[in-house]
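Whatever order the structure lists them in is the order used to number ligands and atoms, beginning at 1. For reference, positions follow the sequence shown, starting with 1.
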Amino acid sequence: MTIELSIVAPVFNEEDGIETFHRRLLRVLEQANVSFEILYIDDGSVDKSLNVLLKIVEHDYRTRVIKLSRNFGHQLAITAGLDYSVGNAVIVIDADLQDPPEAIMEMLEIHRQGFDVVYGVRVSRTSESRFKRATAKFFYRLLSRLSDQNIPVDAGDFRLLDRKVVEALKKCPENNRYMRGLVSWVGFRQAPLEYHRERRKIGSSHYPFSKMVLLALDGITSFSDKPLKVVLASGMTLSISSFVYMFYAVLLRILDPANQALGFTAIISLITLMAGIQLVSLGLIGLYVSRIFKESKGRPLYIVERDSRRNE
Ligand code: UDP
Ligand code: MG
C-alpha cells in the first residue's frame, strides 16, 4: 500500500504536550481520509518525551519514532524526518501545537490543485512576545534583502512538500541547513497558506535569543555572499577617503607649517577606525571560512540511535 501522506514532527522535551498533539493530529488525519504515517523525530529529549512517544507507537502502527542520538537541533531533526518519510506528500509540523493541525486539510487541498510546496505563512503571532515578533520580522526582511534567493517572508517550517521536492532536498548534503532557504532554492511550484500561529500552551520555546541569532546567521551566510561584498565596498571607500585625507594633510603641512591642528588626533582616530573595520571584515570572512571548514569534513548530518520500527 502506498502511503499518501507523511507527517514529520520534531520533538524536543515536549513530554506534557505530545499526547494532546497526537490526538488532535489523528482527528484531522482521519477526517482527511488519506493513508498516512506519522514520524516523530525525538531530537535527544532529556525528559520523558521518548517514553510517551513509544507508548503512542505501541497502540498505533501508523506512527513511528526515530530517536536521534543527541540534540541535533530543529533543522536537522526535520532533515531526518524527511529522509525517513515515504509518503507522496510530507508535512512538517511542530509538535508543540503552535502550528494548527487543522490547516493540514487546506494544505492537502492546495497540493491537489497541483502545487508542490505549500508553505505556511504566519499572519498573526499575537501569542509570542513582542521582542520575538520584532526580531523575527527584522530578520525575515533582512534575509530577503540580502539573499539572492527569494525566501518568503514570515514563513516558518510548517509546510507541505511533494515527494519530488523531498527527493530534491535529499540531494543537498550541506551541513549548515536553513530549511526554509533550501526549500525555496529547489524551486517547483510553491504556494503560501496563511494561518494563525497559536500560543505555546505547554512548555516553553526551545529557541532562546542566542539560538535565533545562530539560525539567522545560518540563513544569511547560506544564501547570500552580500555581507562579503559590503565589506569589500566599505573597505575600498574608506581606503580612498583616507588617502584623500592624507593628501590634504600633507598639503596643509607644506603650505602652512605652523598649523598643528591636524596632527596627532587625526592620526589616532584614523588608525583606530581602520583597525576596527579590518577586524570586522576579518570576522565576517571568518564566518564563511568556518562554514567551509564544517562542510569540508563531510560528516553525517545526524545520527539515529533508535527506530521504533527496527530494534524494538
Ligand atoms: N525542536 C527540536 N530540536 C531543538 C529545538 C526544538 O526538535 O533543538 C522542536 C520542538 O520540540 C518543536 C519545534 O522544534 O516541536 C519548534 O521548536 P520551538 O517551539 O521551541 O520553537 P518556536 O516555536 O519557539 O520557534
Ligand atoms: Mg514552538
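- Atom numbering of ligand 1 starts at 1 in the shown order; those under 4.0 Å from a heavy atom of G73 are 3 (N), 8 (O).
- Contacts of I41 with ligand 1, taken as heavy-atom pairs under 4.0 Å, are absent altogether.
- Look at R197 and you'll find a heavy atom under 4.0 Å from some atom of ligand 1.
- No N or O atom of A77 sits closer than 3.5 Å to an N or O atom of ligand 1.
- Distances below 4.0 Å separate heavy atoms of N71 from the following atoms of ligand 1: 3 (N), 4 (C), 8 (O).
- Sorting the N, O or S atoms of D96 by how far they are from the Mg ion (ligand 2) puts OD2 first.
- The main-chain N or O of V46 is found under 3.5 Å from a side-chain atom of N13 such that the two form a donor-acceptor pair.
- Between the D94 side chain and the D99 main chain, no donor and acceptor come within less than 3.5 Å of each other.
- Counting heavy atoms under 4.0 Å from ligand 1, residue D43 touches it through the side chain alone.
- Aromatic ring pairs are classed by plane angle as parallel below 30°, tilted from 30° to 60° and perpendicular above 60°; the pair F158 and Y195 is perpendicular.
- The backbone N or O of V86 sits less than 3.5 Å from a side-chain atom of E37, completing a donor-acceptor pair.
- Counting heavy atoms from C-beta on, the side chains of F36 and I7 never come closer than 4.5 Å.
- Residue E14 touches ligand 1 through its side chain alone, judged by heavy-atom distances below 4.0 Å.
- Applying the ring pair (Phe, Tyr, Trp, His ring centres under 6.0 Å) criterion to F12, with sequence neighbours excluded, gives H206.
- Side-chain contact between F72 and T79 is absent, with no heavy atoms from C-beta onward closer than 4.5 Å.
- Each of the following atoms of ligand 1 lies closer than 4.0 Å to a heavy atom of A95: 15 (O).
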